[in-house]
Every structure is written in structure tokens, then in C-alpha cells.
2 protein chains.
Amino acid sequence: MKTADPELMRAINRLNVLDTVRRHGPISRIEISERTELSTTTVSAITASLLDDGLILPRHEGDIRNEAVRGRPRVALELNPDAARVVGGKIAANRMVFVVTNFRGDVLSKLALPIRLDRQPIGVIADLVEDGVRRCVVDAGLSLEDVDSVCLGFPGVIEHRTGYIRSSPIFRDTNVDFASEMSTRLSTPTIVESDAHAITLGHHWFGKARDLEDMVLISLEQTLGLGVLHGNSLFRGAGGLSHNLGDLVLGMGPNGVVRLSSQAGESAILGEQQADGRFAEAIRLGRGMNHAQALIKADDDRLIGAAIRAGEAVGLTIANIVTLFAPPRVILVGSSLALGEPFLNSLRDAYALAIPPSLRGVSELVFDDSTDDFWAQGAAAVALYELYESPWNTTGPAL
Amino acid sequence: MKTADPELMRAINRLNVLDTVRRHGPISRIEISERTELSTTTVSAITASLLDDGLILPRHEGDIRNEAVRGRPRVALELNPDAARVVGGKIAANRMVFVVTNFRGDVLSKLALPIRLDRQPIGVIADLVEDGVRRCVVDAGLSLEDVDSVCLGFPGVIEHRTGYIRSSPIFRDTNVDFASEMSTRLSTPTIVESDAHAITLGHHWFGKARDLEDMVLISLEQTLGLGVLHGNSLFRGAGGLSHNLGDLVLGMGPNGVVRLSSQAGESAILGEQQADGRFAEAIRLGRGMNHAQALIKADDDRLIGAAIRAGEAVGLTIANIVTLFAPPRVILVGSSLALGEPFLNSLRDAYALAIPPSLRGVSELVFDDSTDDFWAQGAAAVALYELYESPWNTTGPAL
DNA sequence: GTGAATTAATCCGCATAGGGGAAAAATTGT
DNA sequence: ACAATTTTTCCCCTATGCGGATTAATTCAC
């Protein structure tokens with residue numbers, strides 16, 4: 001257990017204040033004091049230090065002041081957008097998306113690269129990622145030295161704490177120390193995180209879970225991922241390992257265990273169409289889901305069947321996850337949502353069937369079809385959160 | 001987020017020191033300082049306060065002193081066993097077990113009552129539990145006024161935070177505020193907790209997880225429960241709800257969803273034998289599992305079949321839990337373990353088959369056939385932990 | 001336009017916490 | 001008896017947060 005000393009005390013309260021400023025837009029010291037339950041004195045001291053470090057700014061213009069109120073007007077404080085810049089990236093098998101954001105998480109530039117990295121040697125992947133980060137930074141009119149940190153979201157099992165990619169469909173090898181590799185290449189602190197975790201934090205900060213401190217997110221992409229928000233922070237498994245939902249077992253079939261990935265993974269849904277040459281080409285180019293969508297609209301029976309089966313499998317899985325975590329909301333994201341009604345309806349039906357009666361109504365299902373840059377923005381949020389926690393200049397005691 | 005003030009700081013460090021004394025037996029201040037990474041000054045101050053409150057005691061006799069060492073000898077400190085007494089209880093459908101323990105968790109008296117409470121009205125259950133607690137306290141040579149708190153472990157979905165029993169096979173009703181009810185009856189603070197959580201903490205304190213700060217426990221009784229230890233503390237779901245594993249879905253069968261409880265619940269295993277009059281009687285009296293054990297030894301085919309099916313279902317479920325939490329150890333407890341080899345072997349086989357290759361070797365399975373009083377002792381540990389956290393006299397600032 | 005009223009933010013002094021280093025305490029060895 | 005050694009406590013310092021008084025910046029009333 002971390003030992004509690006005055007420094008930790010201050011770090012906690014500082015983060016608390018900073019996070020309050022981030023969440024509640026321009027906000028006066030008094031309101032911060034009410035929300036955090038810190039005394040106005042303490043808030044004053046902490047905000048002074050944050051102002052001194054340039055992390056927040058007073059906003060004089062356009063005071064949101066109620067004109068009919070007397071007394072000294074409140075000074076609204078807000079994040080200094082230019083206090084830092086980070087890069088967030090979503091790396092998938094057939095595409096990479098990067099964003100550069102400011103300290104508030106506003107996107108300054110986006111870059112989408114529809115490149116297949118799948119199974120390339122590590123060096124090639126690192127080259128391509130490095131290039132993407134550098135280009136996106138240049139697009140934002142910045143240089144890498146202006147960037148404070150980078151966070152890359154990967155599918156698979158990612159150990160955020162150590163920066164190792166334990167296993168990922170993108171890498172042929174296991175246990176790749178990708179964080180160190182990229183930190184060296186970019187000479188900027190780089191962290192890796194599960195893509196599902198990244199978009200989970202993204203939803204907590206910018207998306208469909210801003211109002212919640214607990215929730216669960218399920219990502220349906222090539223890999224099936226899980227993110228759990230618990231008490232406003234990401235719940236990373238025991239060893240800091242991320243969860244790999246695709247490995248979950250749904251039951252025993254004639255050929256051994258049936259895993260979720262074999263029912264609802266991207267390749268499981270699309271793979272049944274191998275015969276069709278044009279479709280195979282689309283898959284290879286990462287347009288499989290769009291193509292599948294078109295086929296479903298055209299009443300392609302085989303694909304509709306696959307989508308229904310996938311929806312059932314995912315619906316059951318969500319019911320199981322809800323049984324374990326009982327979150328107030330479950331957010332579903334990922335390319336598989338593009339399969340449309342056949343998939344979503346069977347998912348909803350299976351969920352309704354499988355959810356235990358006692359938990360009926362506890363969780364609401366929310367579908368989110370955000371684009372890839374939202375994932376990257378989530379990764380940026382992960383990077384920003386670590387900046388918020390870091391000590392900064394700390395406006396040393398004796399100056 | 002809780003605001004950090006000096007009081008919180010002290011509370012944290014105090015708990016840390018107290019817990020270190022609990023875990024590492026008689027221990028000197030210097031060793032506490034090393035383990036907690038607090039300065040010797042701080043440890044000295046905190047231990048002084050703990051001594052003052054009578055929670056710990058110096059041990060002069062039998063100093064574990066290395067005779068060949070010079071200098072002032074270390075004074076070993078240990079928990080004051082008599083600083084408090086608590087009652088822990090395990091309440092099951094067909095039996096209740098209580099223990100009274102001292103501040104260290106040593107059992108002072110046990111009481112096992114093989115009574116069927118199942119579906120009795122709340123008032124009757126409360127009567128019986130009250131009676132059990134009172135008797136066990138008397139057996140320990142104490143009076144209820146000597147008892148500082150009571151913790152009762154129930155099967156089902158228990159909301160520890162509020163003291164509500166959301167649903168339990170023992171109660172006909174749902175959402176029973178049993179903690180308040182018993183607190184009033186006993187005029188002693190009483191908390192309720194999931195039986196699975198109780199034995200999870202029990203294993204962390206006294207049993208097969210003393211060396212771990214993360215682990216998962218699965219309880220196989222009438223109800224199938226889950227306990228997750230995360231960073232030395234119980235992980236209680238989002239809303240503080242406990243998990244009910246039996247509701248997990250294993251797949252779709254011909255008659256709708258197949259839940260784990262229908263494969264591996266006590267009644268699922270035993271229920272198939274309804275024909276046999278003597279067996280039915282044994283079940284009614286809560287001796288079902290013992291009887292089943294005998295039948296299995298006698299090569300009863302139907303029961304062996306049921307045990308094998310149950311083992312498979314549990315094995316798959318454990319694999320899924322491991323996929324989600326990746327704990328270093330999974331402890332299995334509960335009456336169903338008595339089914340013996342057919343059950344355990346099929347469980348192990350199914351687990352080995354279902355665990356994803358990437359997680360092979362991450363978790364070890366441990367079977368624990370502790371008796372009921374160990375469950376009750378776990379409940380006592382839950383009660384004790386809350387005492388450890390509570391402020392006590394705090395040796396007020398100005399004396 | 002000037003002063004009263006009002007509200008926000010800061011300053012001052014206090015209490016408590018933890019840490020470092022010196023001093024005291026309790027031993028063993030010579 | 002005194003030196004050496006190790007543990008524990010004592011004294012002083014700094015940092016933190018808080019309550020109450022003070023100062024700052026407005027609006028309203030006349």
C-alpha cells in the first residue's frame with residue numbers, strides 16, 4: 001500500500017481539483033469547493049498552484065455572470081488548452097488512426113491510414129506507427145518536441161503497466177515491449193493500452209458515459225474487447241492484463257469448446273463468404289464490414305445468418321458480463337455494429353432472454369457507432385489522464 | 001472522491017500499521033517501518049496510539065531476540081486478542097454456523113445448527129439467527145455487550161453497503177433489510193455479506209491466499225458464488241452487488257438458455273434422484289451431498305453422470321472467469337466438492353480444455369474443503385476488517 | 001456619484017501529520 | 001564500569017488543510 005504523506009494528500013486533492021475543472025468546464029473556485037468538498041482556502045491554494053504551472057487559465061471575457069447578482073463576480077477557471085499536447089492512436093489490423101489533442105482533449109489533427117499491418121514484422125509495424133505519429137504531429141502544425149506523451153491503443157491483451165503487448169492479432173510475436181520501442185523511436189514517453197480501455201475512457205470523458213462512474217464497454221471489432229469503468233477509473237485486471245472477450249467459452253460443440261471469437265469475431269462473420277472473390281478482396285482491404293453491410297441490405301442469406309448467430313453469441317456474453325459486474329450501462333462499439341438490424345435485433349433478443357430476471361432493468365444497452373478517431377481520442381484521454389496525475393512543477397514549497 | 005485531509009492520512013497509515021501487525025505476528029516497530037515504508041518516528045507515534053487504545057500489546061516474554069546481537073532489544077508488538085470480539089455466521093438453506101472470535105480472528109466458540117430455514121418467513125429466520133448468535137456468544141462465556149459487531153454471510157445477491165439482501169434462496173422475499181433487523185434485535189452493529197465474499201476474505205486472512213493480493217474464489221454450494229480479491233481488498237461489483245454465478249449462461253439449449261445453476265447447482269445435481277425416497281429425505285435434511293458421495297462411491301451411474309456434467313459446466317465457467325480476471329490463483333470451495341473424483345476430474349478436464357492457450361499456467365486451481373466454521377470465520381474477518389478501519393478512540397489530539 | 005450591501009477570493013494563524021536527526025534507553029561485550 | 005551497538009523516543013521542521021477575519025470587486029439605493 002502506498003504510504004500516505006502530505007505530498008500524497010496534495011497530489012490527490014490536486015488531481016481532484018484539476019479533474020473537476022476538466023469535467024465542469026469554466027468553473028469558479030467556489031463551485032470547485034462545493035463539488036470537491038475541499039475548503040475554499042484549499043481550493044484557492046491549489047488553483048493558484050495550477051495557474052502558476054499554467055495548467056489552467058482564468059476566463060475574464062464573457063463571464064457567465066448572472067447580472068442580477070451583486071457582490072464580487074466569480075472568476076471562471078478552465079483548462080489551459082495549450083498546457084500540453086498528446087497523440088492518441090488506434091492501431092488495428094488493417095488501419096491506423098491518429099489524433100493530436102491539446103490538454104483538453106480537443107482534436108487538433110486527425111490522420112487515418114488504411115494500411116494492413118497484420119502480421120508484419122515488429123520493425124515494420126514500428127516504422128509505420130512512428131511515421132503515422134510524426135505525420136499527424138506535423139499536420140497539427142507541431143513538432144514532436146511539443147508533444148508530451150503518446151498513447152497507442154491495440155487490440156488484444158495489453159499490459160498497460162509494463163508497456164508489453166502480451167498478444168495481439170497485429171503481432172506475430174507475443175510479449176512485445178512496444179512502449180519502450182516507441183518511446184525510444186519518438187523520444188517521447190509512449191504508453192500502450194488496450195483499444196477497448198482507451199475507448200472506455202473516451203466515453204467517460206467525451207462520450208456516452210460522461211454521467212456515470214461505473215459502466216462496462218464491449219468492443220466488437222476483429223478482436224472482442226472489454227473495458228470496465230469502476231469508480232471513475234479503469235478497472236485493469238489483477239495483473240494489469242486487459243481482458244480478451246473472444247476467448248470466452250460459450251459452450252461445448254461437436255468439435256470441442258465453442259469460443260465467442262468463433263461466433264462473433266470479424267473473421268468468423270465474414271469468413272464464411274470466402275467463396276466470393278470480390279468479397280474476399282474487400283476483406284483484405286479492411287472494407288469487409290462495409291461490404292457485408294451492403295450484402296445484408298441485399299438480403300444475402302448466408303451473411304444474414306452469420307450476423308444473427310453473432311448477435312446471439314454477443315447477447316449471451318453481455319448478459320454474463322452484466323451478471324458479473326451489474327453496471328448501470330453497457331456501451332457497445334466496434335465495426336460489427338455495422339451489420340445492422342439482423343445483428344442488433346438478435347443481440348437484443350438474446351440479451352433479453354439471457355439476462356437473469358433479478359437483473360432485468362439494471363443495465364441499459366447503448367450502441368455507439370463512433371468513427372475510428374473517437375477511439376484515438378480515447379487513447380489521447382488515457383495519455384492526458386496520466387499527465388494530470390503526474391507531479392508537474394509542483395510549484396515547489398520554497399521558491 | 002473522498003477529500004484528502006490529515007485525518008484521512010492518519011487513518012490510512014493507522015490501518016496499514018494495524019494490518020501489518022495482524023499479518024506479521026509479533027513484530028517490532030522497526031520491521032513495521034520497513035514493511036510499511038513509514039518512518040520509524042511515524043510508526044512509533046501510531047503504535048503509541050494503538051497501544052493507548054488497547055488494540056495492540058507489547059510482548060516482553062519469550063523475546064524472539066537473537067541472543068548474539070547487541071544493542072537495545074526490539075519490542076515485539078502483536079494484536080491484543082481481547083481488544084474486541086465479533087460474531088461471524090454462515091447462513092445456508094439447511095444449516096447455520098456461528099463462531100465468536102477475538103480481535104485476532106481466533107475462534108472462541110463454534111455453534112453449528114442443522115436447521116432448515118429455507119423459505120421460512122423473515123421473522124422466523126430472524127428469530128433463529130438471533131437465537132444462534134446469542135447461544136454462540138454465551139458458549140464463549142460472553143455476553144452480547146462484549147461483542148463489538150456481527151457479520152452474517154448469506155448465499156445469493158447481497159448488498160453489503162446497504163445491508164440489504166437483494167435475493168437469496170433462503171428468503172421468499174427480495175430486498176430484505178436484514179442488517180437493520182438484526183442490528184435492532186441484537187442491539188449490536190450487524191452487517192450482511194455474501195457468503196462467498198466472507199470466505200474469500202477468510203482465505204486471504206487465514207487460509208489458502210495469505211500470500212496473495214489478487215485472487216478469485218468460486219463457491220459451489222446451493223448457490224454458486226464468486227469472490228474477487230483485488231489489491232488486498234474485496235472487489236464488490238459496481239453497485240456493491242455481489243455476483244451470482246448461477247445466473248451465468250452457458251449456451252442455448254433446446255428449452256431456451258442453459259444457466260450454470262441448472263447444471264451445477266446443488267439441486268441440479270441432487271434433484272435428478274427424486275425417485276429415491278431415502279435420498280430425498282437426506283436432501284431435505286441437508287445431508288444431500290454426503291449421501292450423494294456415498295452413492296457415487298457405490299457407482300451410482302445417474303449421480304456420477306450428474307457430477308460429471310456439473311464438473312464440466314463449472315470448469316468452463318472457471319475458464320471464463322480466469323479469462324476476465326486473470327488471477328494467479330482460483331480457490332474452489334463448497335459442498336459440491338464432496339462429489340469427489342468424477343466431479344473434480346471432469347472439472348479439471350473442462351477447465352484445461354476451455355482455458356485459452358495464452359492464459360495457460362497463469363492461474364492455479366486450488367480445492368479447499370474447509371468446514372462450515374471456516375466460512376463463519378471468514379464472516380468474522382469481514383466484521384474485524386471494518387473494526388480495523390473504524391476510528392476508535394483515536395487518542396484525541398488534545399488530551 | 002457616493003456609500004451600503006453583498007459575494008468571492010485571499011490572508012493569517014492554528015492544528016495535525018509525517019520526516020530527519022539528535023538524544024535517550026536498553027542491551028552485549030570487554 | 002565503560003564502550004559499542006541497536007532500538008525507540010524526543011525535538012524541531014515543513015507541508016497540508018481548515019476556520020475566521022480581511023480584502024477585493026461588484027450591484028443597488030439614494
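Throughout, protein chains are lettered first and strands after them, A, B, ... in sequence-line order, and every chain is numbered starting at 1.
Listed for the A:D177 side chain is no donor-acceptor partner under 3.5 Å among the backbone atoms of A:Y164. B:N102 places no side-chain N or O within donor-acceptor distance of the main-chain N or O of B:R85, the cut-off being under 3.5 Å. Looking at A:S33, its side chain never comes within 3.5 Å of a backbone N or O of A:R29 through a donor-acceptor pair. Here the side chain of A:N13 pairs no donor or acceptor atom with the backbone of A:R10 at under 3.5 angstrom.
If you find the closest nucleotide of DNA chain C to B:L38 and to A:S44, the one lying nearer the 5' end belongs to A:S44. Of the two residues near DNA chain C, B:A45 and B:T40, the one whose nearest nucleotide lies more 5' is B:A45. Along DNA chain D, the nucleotide closest to B:D5 and the one closest to B:T47 are compared, and the more 5′ of them pairs with B:T47.
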Could you summarise the pairing of DNA chain C as dot-bracket text, marking Watson-Crick and G-U pairs under 3.5 Å with ( ) or [ ] inside the strand and | across strands?
||||||||||||||||||||||||||||||

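The salt bridge (charged side-chain N to carboxylate O under 4.0 Å, His left out) pairs that include a residue from residues 198-213 of chain A are A:K208-A:D368, A:D211-A:R329, where partners are two or more places apart or lie in different chains.
With rounding to whole Å, A:R74 atom CZ is found 14 Å from D:dA25 atom C1'. Distance, A:R70 CZ to D:dA29 C1': 8 Å, rounded to whole Å. When the P atom of D:dT8 is taken as reference, atom CD1 of B:I32 falls 9 Å away, rounded to whole Å. Between the CZ atom of A:R72 and the P atom of C:dA4 there is a distance of 20 Å, rounded to whole Å. The CE-C1' distance, from A:M9 to D:dT16, rounds to 4 Å in whole Å. Going from atom CG of A:L8 over to atom P of C:dG19 covers 11 Å, rounded to whole Å. Distance B:I12 CD1 to C:dT16 C1': 15 Å, rounded to the nearest Å. As a whole-Å value, the separation of B:E34 CD from C:dG19 C1' is 17 Å.
Listed by chain and residue number, A:F374 satisfy the ring pair (Phe, Tyr, Trp, His ring centres under 6.0 Å) test with A:H203 (two or more places apart in sequence, or in another chain).
If you check distances only, the side chain of A:T41 does reach the base of D:dG19 with a donor-acceptor pair under 3.5 Å.
OP1 or OP2 of D:dG17 has at least one side-chain nitrogen or oxygen of A:N13 nearer than 4.0 Å. Under 4.0 angstrom from either OP1 or OP2 of C:dG19 there lies at least one side-chain N or O belonging to B:T42.
Comparing D:dT8, C:dA9, D:dC18 by their nearest atom to the side chain of B:S28 picks out D:dT8. Listed nucleotides D:dT8, C:dA9, C:dA26 differ in distance to B:P73; the shortest reach to its side chain belongs to C:dA26. The side chain of B:I30 has D:dT7 as its nearest neighbour among C:dA8, D:dT7, D:dG19.
Shown are A:S149, A:C151, A:S183; of these, the side chain to side chain contact (heavy atoms under 4.5 Å, CB included) with A:I191 is made only by A:C151.
Heavy atoms of A:A4 sit under 4.0 angstrom from primed sugar atoms or phosphate atoms, though from no base atom.
The line from CE of A:M9 to OG1 of B:T3 is 8.5 Å long, rounded to the nearest 0.5 Å.
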